[in-house]
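Written out below as structure tokens is the structure these notes cover.
Numbered from 1 within each chain, the chains take letters A, B, ... in sequence-line order. Computed from heavy atoms alone, side chains included, the values below leave out hydrogens, waters and symmetry copies.
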Amino acid sequence: MQNQEIPRIQRIVAILWPSFLTAGVATVLFFTAFDPEILLQDTRFADLSRLGAYTIGFFLVWLLTASSCLLTCYFQRPCAFNARQGGQTP
Amino acid sequence: MARPAKKIVPLNSKPDEVAQSLYAKREKIYPREVHGLFAMWRTIGVVALLGIYYGLPWFRWEGRQAVLLDLPARKFYIFGLTFWPQDFFYFAVLLIIAALSLFFFTALAGRLWCGYACPQSVWTDVFLRIERWIEGDRLRQMTLDTAPWSARKILVKGAKHTVWVLFAAYTGFTFVGYFTPITGLTEKITAFALGPWETFWIIFYSLATYGNAGWLREQVCIYMCPYARFQGAMFDNDTLIISYDPARGELRGSRRKSDDYKAKGLGECIDCTMCVQVCPTGIDIRGGLQYECIACAACVDVCNQVMEKMDYPKGLIRYTTENAVQGNPSHLLRPRVLVYTVVLLGLFSLMGFGLSQRVPLELHAQRDRNTLYRETLDGLLENVYTLQIVNMDQKAHEYELSVSGINDMQLHKNRETITVPGGEVMEFPVWLRADPQGLRRRSTAITFEVRATDDATLIAREEARFLGPLTGR
């Protein structure tokens, strides 16, 4: 199958790396427009420092973008291949 | 005497088995140490770039860290300039300039960036030097890796990883030093009082450095780098590339120095495989231009040394263009280079003009939303506003406030003078009073203006609305 030719590291990279890059861009854009201190001032996270908010924000966005990459990789697999893996006839 | 049959290897040849094998389980690459002209340039690049990276955060400017991207304070200090989130435009233009410069240099000279300036190449180079310093040369490294575990092997490997980790940790520390003041960071570390987020990012960046430069190395270029994938699109037949000259080199084969290789039907490539051994990405440049090639020119240096030893002319592997290899003239100035140049010059002018016209002052006005307007005892209409003056300059200024839009409008504020310290924001209320006779509409546009008393170029205006009764007059 096509997938078997792609080494594991390349598949991991394809999920973690593009999502890392786009999460970085999204985080910069988001926090340029919105100051976390003002966003959080009326919430229970009001004591969180800006650096903390940036960090948590970045990882949340990364989680989101990585899920998207994961789904892309998953749906890239040929349908017939998936069906066989599941023990069904295509 | 006629040359033997030439084997022409096309530059855009399909990846050969060496390249294919990279898609299988990765085999560790042990690049052989190389000396020569381009190795010297690479060393100069490494020293200069790392010098800037590790030195710049310690450089001071008017009592502050000269380059500080102060994320906690949301201000970027770059020498005499302070950038606020509002200045995102300049950052965007800077990124576009960086991308276009990369295209420009790629079209002109191929992957200069990869070989000499990319952080991945630069840090990998340092990590390779550390490895060579502790484990010995290529052969010793390979012997050590195949040898069974022994006390000596643990000691040598342990020493290497310790030095790598220490170097990576200092790299991570310096990285965070760009975002929070580095002197404060040093004090906090020595007092064991580092904040959780600074600690996290120092460790995160250190691990990234250690992993990328120590372990992943060329795999970053092959699998992770987007530029490596699309740089080929910027190449044309006049782009400077590193290429083996198959017309001269083939047929390759071993021989003695004294042999008349031409009589044996051989070319000048003695097939010593030195070019493969020095390659940090493990390719054979003789197979033609490959996307794994980061154009570090290590093969050029080493092949020139071999040619020198053999008393053959240098340059069997050399910087050249595809046109030159095929015997056609190369052109430096061509439409794509000219277009990049014009666009780049345009962007540089835009950036320069923008920076020269940038006024480090902002004014915001917000009308009090609780009451639309109020009538005073003497029959005037009053609106209340909250003004916000953002002094984006690095020093304090005193400002004069005025308002226009309605005749004979009175401006009242709760302070005599408005002085805002450098890099600070000041908020205060103002009361505007106007004669209802002078209002034609329910909502009239007015303009606030602040101007610095000591600098005529520091002017900021903000529009607002003055509200009156529904019926007007």
Side-chain angles (χ1 to χ4, degrees), chain A residues 1-42 45-63 65-66 68-70 72-73 76-77, chain B residues 15 20-27 69-76 83-92 94-95 99 120 176 179-181 184-185 188 194-205 208 211-212 215-229 390 425:
Chain A
M1 289 314 305
Q2 184 198 350
N3 268 26
Q4 288 166 335
E5 292 168 15
I6 300 175
R8 179 179 296 265
I9 178 158
Q10 197 182 357
R11 271 184 282 166
I12 295 171
V13 160
I15 294 165
L16 291 183
W17 183 237
S19 54
F20 179 87
L21 294 177
T22 47
V25 174
T27 309
V28 168
L29 288 177
F30 182 83
F31 286 119
T32 304
F34 305 103
D35 181 350
E37 210 152 81
I38 293 171
L39 284 184
L40 298 175
Q41 61 190 4
D42 296 325
F45 307 109
D47 291 336
L48 188 66
S49 70
R50 276 189 182 133
L51 212 52
Y54 296 148
T55 310
I56 293 170
F58 170 72
F59 280 98
L60 286 179
V61 179
W62 192 10
L63 191 69
T65 50
S68 163
C69 288
L70 184 74
T72 306
C73 281
Q76 240 180 1
R77 286 149 53 118
Chain B
Q20 286 291 351
S21 71
L22 285 171
Y23 278 85
K25 193 178 180 310
R26 179 204 177 215
E27 281 180 27
L69 313 179
D70 198 341
L71 290 180
R74 295 174 71 78
K75 280 175 206 132
F76 286 6
F83 292 96
W84 291 54
Q86 294 92 314
D87 293 313
F88 189 78
F89 168 76
Y90 299 104
F91 182 63
L94 192 70
L95 287 183
Q120 179 62 28
V176 175
F179 301 100
T180 58
L185 208 58
K188 282 186 206 161
L194 202 59
W197 305 111
E198 283 106 338
T199 314
F200 171 80
W201 283 110
I202 290 178
I203 293 172
F204 187 90
Y205 201 83
N212 283 340
W215 292 93
L216 289 174
R217 294 184 183 171
E218 83 287 346
Q219 297 184 99
V220 172
C221 312
I222 295 169
Y223 299 123
M224 289 165 73
C225 182
Y227 170 69
R229 299 277 175 118
V390 187
V425 180

Between A:Phe34 and chain B, with a heavy-atom cut-off of 4.5 Å, which part of the residue counts as in contact: side chain, backbone, both or neither? backbone
If you look at every heavy atom in A:Pro36 and B:Arg74, which pair is closest and at what distance? CD-NH1, 3.6 Å
Note: vs chain B, highest number of non-hydrogen pairs under 4.5 angstrom among A:Gly52, A:Ala53, A:Ala14 is A:Gly52
Which portion of B:Trp201 sits near chain A, non-hydrogen atoms under 4.5 angstrom: side chain
B:Phe204 and A:Phe58: aromatic ring centres closer than 6.0 Å? no
Which bit of B:Gln86 comes within less than 4.5 Å of chain A, counting heavy atoms only: side chain, backbone, both or neither? neither
Side chain of B:Trp197, backbone of A:Leu51: donor and acceptor closer than 3.5 Å? no
Flag, side chain of A:Tyr54 to backbone of B:Leu71, donor-acceptor distance under 3.5 Å: yes
Can you give me the closest heavy-atom contact between A:Leu21 and B:Pro226, atom names plus distance? CD1-CG, 4.3 Å
Quick one: pull up CE in B:Met224 and CD1 in A:Ile12 and give me the separation to the nearest 0.5 Å. 11.0 Å
